[in-house]
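We're numbering straight along the sequence, starting at 1. In this text the structure is predicted, and so the values were computed from the model without any measurement.
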Amino acid sequence: MAISGKISVEIVIQVPASKFFHILAKEFHNIQNICERVHGANLHEGDDWHCTDSVKNWTCLVDGKVITCKEKIEAIDEEKKLIKYSIFDGEIGQNYKLFKSNVQVTETNNESASVKWTIEYEKINEDVKTPYGYLEFLEKGTIEVGDHLHKA
């Protein structure tokens, strides 16, 4: 069994790429008001949700259980519509030495976008499960945000 790896999912949403990326890059604090599986979020360090110096606390429902973790943006590339996150502490810190998530939003046409999430991980040991539940969490959250933006 592999201790480290990468898994990914790609979702097509009926929202322009720029609109979806804007939520992630400029209005990330609103995700907790849009996604049912995000129970709460707040700034742990820093005073801006959208910069690489800030750390956020998250409480989320993953694999049917409430977990807490911290998240930090490592990089934002506005041109490529790419954001790199580092996720740590809480349950993730107990099970993974490394847990990074990247999202890239690509225009498919004027009315829709492709959103690709990739999780890179390193388990603390072979008994830890591959984080498919976290990937499902990101997929469902993307669909919820897409539906929310489509209705707006």
Side-chain angles (χ1 to χ4, degrees), residues 3-13 15-106 113-124 128-152:
I3 289 207
S4 62
K6 282 186 182 182
I7 55 176
S8 62
V9 65
E10 196 162 350
I11 308 109
V12 174
I13 56 172
V15 176
S18 59
K19 198 171 183 181
F20 186 84
F21 184 77
H22 178 81
I23 285 281
L24 298 179
K26 306 291 182 194
E27 297 183 24
F28 204 42
H29 58 282
N30 285 328
I31 294 293
Q32 63 188 322
N33 302 321
I34 298 169
C35 295
E36 157 186 331
R37 289 164 194 78
V38 178
H39 292 186
N42 60 32
L43 276 173
H44 177 71
E45 292 176 14
D47 48 348
D48 181 356
W49 278 77
H50 312 100
C51 72
T52 56
D53 296 334
S54 296
V55 175
K56 282 78 73 185
N57 284 319
W58 292 91
T59 303
C60 306
L61 184 65
V62 177
D63 277 341
K65 59 185 174 182
V66 176
I67 64 129
T68 59
C69 62
K70 290 185 175 130
E71 166 267 315
K72 182 176 182 172
I73 296 172
E74 290 188 339
I76 299 176
D77 186 330
E78 303 252 350
E79 191 175 310
K80 293 181 181 176
K81 294 181 179 55
L82 171 70
I83 304 176
K84 297 181 178 191
Y85 303 96
S86 176
I87 298 104
F88 52 96
D89 278 1
E91 184 179 283
I92 287 176
Q94 294 169 8
N95 292 300
Y96 302 93
K97 293 178 189 177
L98 169 81
F99 200 98
K100 296 184 184 274
S101 177
N102 298 339
V103 61
Q104 184 157 27
V105 186
T106 308
S114 173
V115 180
K116 183 176 183 179
W117 287 97
T118 302
I119 295 175
E120 180 182 354
Y121 62 90
E122 182 180 349
K123 304 173 189 179
I124 59 166
V128 174
K129 291 197 265 180
T130 300
Y132 293 114
Y134 292 95
L135 201 60
E136 179 186 32
F137 167 80
L138 294 170
E139 178 181 18
K140 289 182 177 181
T142 297
I143 292 167
E144 284 181 295
V145 172
D147 289 347
H148 171 81
L149 292 172
H150 186 70
K151 292 175 189 173

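Between the OG atom in S86 and the CD1 atom in I73 there is a gap of 11.5 Å [rounded to 0.5 Å]. Taking CD1 of I87 as the reference point, atom OH of Y121 lies at 14.5 Å (rounded to 0.5 Å). Taken from CD1 in I13 to NE2 in H148, the straight-line distance is 12.0 Å, to the nearest 0.5 Å. Atom CD1 of I83 and atom OG1 of T52 lie 12.0 Å apart (nearest 0.5 Å). Atoms CG and SG, on L138 and C60 in that order, are 9.0 Å from each other to the nearest 0.5 Å. For the atom pair CG of N95 and NZ of K123, the computed distance is 10.0 Å after rounding to the nearest 0.5 Å.
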Could you walk me through whether V66 and T59 pass the side-chain contact (heavy atoms from CB on, under 4.5 Å) test, one step at a time? CA-CA 7 Å; V66 176; T59 303; 3.5 Å; yes

Please step through side-chain contact (heavy atoms from CB on, under 4.5 Å) for the pair Q104 and N102, ending with a clear verdict. CA-CA 7 Å; Q104 184 157 27; N102 298 339; over 6 Å; no

Applying side-chain contact (heavy atoms from CB on, under 4.5 Å) to K100 and K84, what does each step give before you reach the verdict? CA-CA 7 Å; K100 296 184 184 274; K84 297 181 178 191; over 6 Å; no

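Considering every non-hydrogen atom in both S54 and L43, the closest pair reads CB-CD2, 4.0 Å. Across S101 and W117, no two heavy atoms sit closer than the pair OG-CE3, 3.4 Å. Taking each heavy atom of T118 and S8 in turn, the nearest pair found is OG1-CB, 3.5 Å.
At distances below 3.5 Å, at least one donor-acceptor pair connects side-chain atoms of H50 with backbone N or O atoms of K26. A donor-acceptor pair is defined here as one N or O able to donate and one able to accept, closer than 3.5 Å; no such pair exists between the side chain of K81 and the backbone of F21.
Under the salt bridge (Lys or Arg N to Asp or Glu O under 4.0 Å) criterion, the residue pairs touching residues 42-61 are K56-E71, with sequence neighbours excluded. Residue pairs meeting the ring-ring contact (aromatic ring centres under 6.0 Å, His included) criterion with at least one partner in residues 81-101, sequence neighbours excluded, are F28-Y85, Y96-F99, F99-Y134.
Checked options I67, V62, L61; the residue passing with F137 is V62 (criterion: side chain to side chain contact (heavy atoms under 4.5 Å, CB included)).
Proximity of V115 to V103: side-chain heavy atoms (C-beta onward) are separated by under 4.5 Å at one or more points.
Remark: K19 NZ is packed, more than 12 non-hydrogen atoms of other residues, nucleotides or ligands lying under 6.0 Å away.
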Can you give each donor-acceptor pair under 3.5 Å made by side-chain atoms of residues 31-39, sequence neighbours left out, with the distance rounded to 0.1 Å?
| unit_1 | atom_1 | unit_2 | atom_2 | d |
| --- | --- | --- | --- | --- |
| Q32 | OE1 | A41 | N | 2.8 |
| Q32 | NE2 | H29 | O | 3.2 |
| Q32 | NE2 | A41 | O | 3.4 |
| R37 | NH1 | E144 | OE1 | 3.3 |

